[in-house]
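Notes to accompany the following structure.
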Amino acid sequence: MEPLKNYSIFLNYFRTKSNLLISFILTATTLLLLGCDKDFSYVPETSKYSLSSDLTTLNTYEAEQAILSGVVVAKNQSGYTGTGYADYVNATTDFIEWTVNTTVATSYSLKFRYANGGTTNRPLLLQVNGLTVAAKQDFTPTGGWATWSIASANADLRVGANKIRLTATGSNGPNIDHLVIEANLAQTGTLEAEKAVLNGAVESNNQEGYTGTGFADYVQASGDYIEWTVNATTAGSFMFQFRYANGGTTNRPLKLEVNGETVASNLAFVPTGGWAQWSLSATSVYLMAGENKVRLTTIGYNGPNLDNLNYSSGSFKHLLYLVDNGFSKLLFLNQKDPSKNWTVPIPDGSRDLQLVANNKILVSHGNGAAEYDRTTGAKGWSVSTYTGVSTAQRLANGNTLLGWSRAASGNTPAKVVLSEVNNAGKEVARVTINNITTFRLARRLTNGNTLITGDTNGNKKFKVFEVNATGAIVWQQLLYGGKGYVANRLKNGDTRATMGPVEDLYEAGKDDNKLLQLSPTGTIVKYWGGMVDHPNARLRKFSGYSVVPGNNNILIANWLGDGNEGTGPHAVEFDAKNNLVWSWEDHVAAQTITNVLVVE
Ligand SMILES: [Ca+2]
Ligand SMILES: [Ca+2]
Ligand SMILES: [Ca+2]
Ligand SMILES: [Ca+2]
């Protein structure tokens, strides 16, 4: 939102029973209420709210105002909001029950403000409308009874009254100050181009296959535009998919602006093969809360025909781990509950990660590998006695496979070494493969062989190699000109391998950003990504990838090194039809992501 502009805000956010629209003027610190479209007795016609306090407490439900059974109201510890907090007395059956009214049935984030001055967790049973949401909702120690923290959970709420209850189940509970609820609204929609504001461009319907009542047809090569108004409930990153047809033989780029600012000066709309052949041009943009003007303008070429704009945010919220070899850190990104995000520093040269036993993740470092706790990021087991390591894999026998490489020196050829180390860090087996360079990751297969990526003595013919226990190459396949990163063998015998451009600039036909799925004879069965398929996705250098549990989408790290820092998303997700459906970009949090692991 911007100061001194009119905005409409849904009042259901502020605990009313129906959708009311009210108008505000927003200044840097103050919200001035101008009026509302129905009687609203709680607020005078003109009231001032401080944005920092009043607004944020309007969807807050104090525990001391809730129904309390056994639990008592107390105020002898400082730092509470409202008139006190709720203090559990008995270790069982005591409960707090809030009644929360909503007008939208969706998933909500429930945020409990609490203090636990004890030294152990004080879990409570969380129920919503009589159904158990969490048998043990954690309330971990906060460090003192006057130190307040937030415990959160997600639950579906229905329209109308919802009963949210926290019950003691065997141990004394924490002190509970209040509950905040926030809707986890997936913001998504499709807006027809023919219904948008058309300047120069005209509505047409003389080609088949459009949605709505037609499409927008540009007339002039410069200055014609289509402008949509996209309403965002909350600010954030959105995926845009423009459905278009380009029956010509060349790209027909347009300028994309959001709220007057240029997002892409040359958004590509490549030929679709016919005027009745519709395709998607996807890009990610940042929208403000409220109305956003999204405009596509011709810039010297006749434009494509535009059918519609699909926008989405929050439809995919992931939990994922990311290895950043630029900032040398490991990140946990919890898009469902960002309060659980963490970042820990790791050694340089980190490229590999995977889930291992005991709630740990294993990460390769230039000097070896280490385990990190999935929940806290705390470092555990490690080995750091190697150099040139680029991969680590936990083997079925509990040992760890480290892959490292050495450049050629004198008469000694370049080599890749696969070292198997035990829990004490002692090397118990070793495979050496000579003459392999540009080595990245290794994956030991169930047949005892290992898949590695690299080229031969720097010849830039990048391949995936299968090597046996003596280091002999028993299978190899050219990666169609792209530099390989990681290869995995599927149960059906196919091999998946990521590849990225060899030089800093992509050369059409020579290399690409793709995850290839290759048959045993090297045929491309399918692929995800691709510079031609996704000209606006700002793909730079694909590195590690991860399969999204549940839908089998492919989430790929888009490494932004070699001068590409800050120029694209860190990770991109493609569905089975190779549509770009999600991306993540935060250049403060991360610099160059070498690998991703999506767990939800
Ligand atoms: Ca108590
Ligand atoms: Ca309170
Ligand atoms: Ca036209
Ligand atoms: Ca349409």
Side-chain angles (χ1 to χ4, degrees), residues 190-230 238-285 292-312 505-509 512-513 529-540 567-569 572 574 577-581 583:
T190 300
L191 299 170
E192 298 296 337
E194 66 275 13
K195 296 286 179 265
V197 173
L198 302 180
N199 181 72
V202 295
E203 178 173 356
S204 182
N205 58 9
N206 61 346
Q207 302 290 342
E208 300 285 306
Y210 54 80
T211 65
T213 57
F215 51 86
D217 184 348
Y218 288 97
V219 177
Q220 270 102 213
S222 289
D224 275 13
Y225 65 77
I226 305 168
E227 185 177 274
W228 291 269
T229 300
V230 178
F238 282 69
M239 182 62 60
F240 274 9
Q241 289 180 328
F242 295 101
R243 188 166 191 264
Y244 77 101
N246 175 359
T249 55
T250 54
N251 183 21
R252 295 189 169 203
L254 299 168
K255 179 169 69 174
L256 171 63
E257 294 167 290
V258 175
N259 301 319
E261 289 191 14
T262 300
V263 172
S265 54
N266 267 290
L267 194 70
F269 291 87
V270 298
T272 57
W275 290 106
Q277 301 283 337
W278 301 88
S279 187
L280 299 174
S281 174
T283 189
S284 57
V285 299
N292 294 267
K293 299 294 183 190
V294 175
R295 183 183 288 195
L296 282 177
T297 307
T298 53
I299 51 167
Y301 310 82
N302 198 337
N305 289 340
L306 258 296
D307 184 17
N308 64 44
L309 160 61
N310 178 272
Y311 61 95
S312 63
L505 291 173
Y506 157 74
E507 288 182 73
D512 208 340
N513 278 298
M531 305 290 276
V532 172
D533 305 72
H534 300 283
N536 303 314
R538 295 174 295 156
L539 307 182
R540 302 303 181 210
T567 67
V572 287
F574 303 98
K577 292 179 177 169
N578 197 22
N579 291 311
L580 179 63
V581 295
S583 67

Are the side chains of [Y] and [X] in contact, using a 4.5 Å heavy-atom criterion?
X	Y	answer
Phe238	Val294	no
Val285	Asn292	no
Asn251	Tyr301	no
Val572	Leu580	yes

Rounded at 0.5 Å granularity, tell me how far [atom1] in [X] sits from [atom2] in [Y].
X	Y	atom1	atom2	value
Gln220	Asn199	CD	CG	8.5 Å
Asn579	Gln241	CG	CD	5.5 Å
Thr283	Arg538	OG1	CZ	5.5 Å
Leu256	Phe242	CG	CZ	5.0 Å
Arg252	Asn302	CZ	CG	5.0 Å

Side-chain ([X]) to main-chain ([Y]) donor-acceptor, under 3.5 angstrom:
X	Y	result
Asp307	Tyr244	no
Asn259	Lys293	yes
Thr262	Glu257	no
Ser222	Gly300	yes
Ser281	Phe269	no
Asn513	Gly530	no
Trp228	Lys195	no

Nearest atoms (heavy-atom pairs only) where [X] meets [Y]:
X	Y	result
Ala245	Gly274	CB-O, 4.0 Å
Ile226	Ala216	CD1-CB, 3.5 Å
Met239	Val581	CE-C, 4.2 Å

Evaluate the ring planes of Phe574 and His534, with Trp represented by its six-membered ring, and classify them as parallel (under 30°), tilted (30 to 60°) or perpendicular (over 60°). tilted
For Leu254, run the side chain to side chain contact (heavy atoms under 4.5 Å, CB included) check against Leu306, Asn266, Thr297 and tell me which one passes. Leu306
Which of Asp217, Val219, Leu198 passes side chain to side chain contact (heavy atoms under 4.5 Å, CB included) with Asp224? It is Val219
Give the intermediate values and the outcome of side chain to side chain contact (heavy atoms under 4.5 Å, CB included) for residues Val230 and Leu191. CA-CA 8 Å; Val230 178; Leu191 299 170; 3.7 Å; yes
Carefully, step by step, assess Tyr210 and Asn305 under the rule side chain to side chain contact (heavy atoms under 4.5 Å, CB included). CA-CA 10 Å; Tyr210 54 80; Asn305 289 340; over 6 Å; no
When you check the side-chain N and O atoms of Arg243 and Thr211, is any donor under 3.5 Å from an acceptor? no
Under 3.5 Å, is there a donor on one side chain and an acceptor on the other for Thr272 and Asn246? no
Got a list of side-chain donor-acceptor pairs under 3.5 Å for residues 201-208, not counting sequence neighbours?
from: Glu203; atom 1: OE2; to: Thr213; atom 2: OG1; distance (Å): 3.2
from: Ser204; atom 1: OG; to: Asn206; atom 2: OD1; distance (Å): 2.9

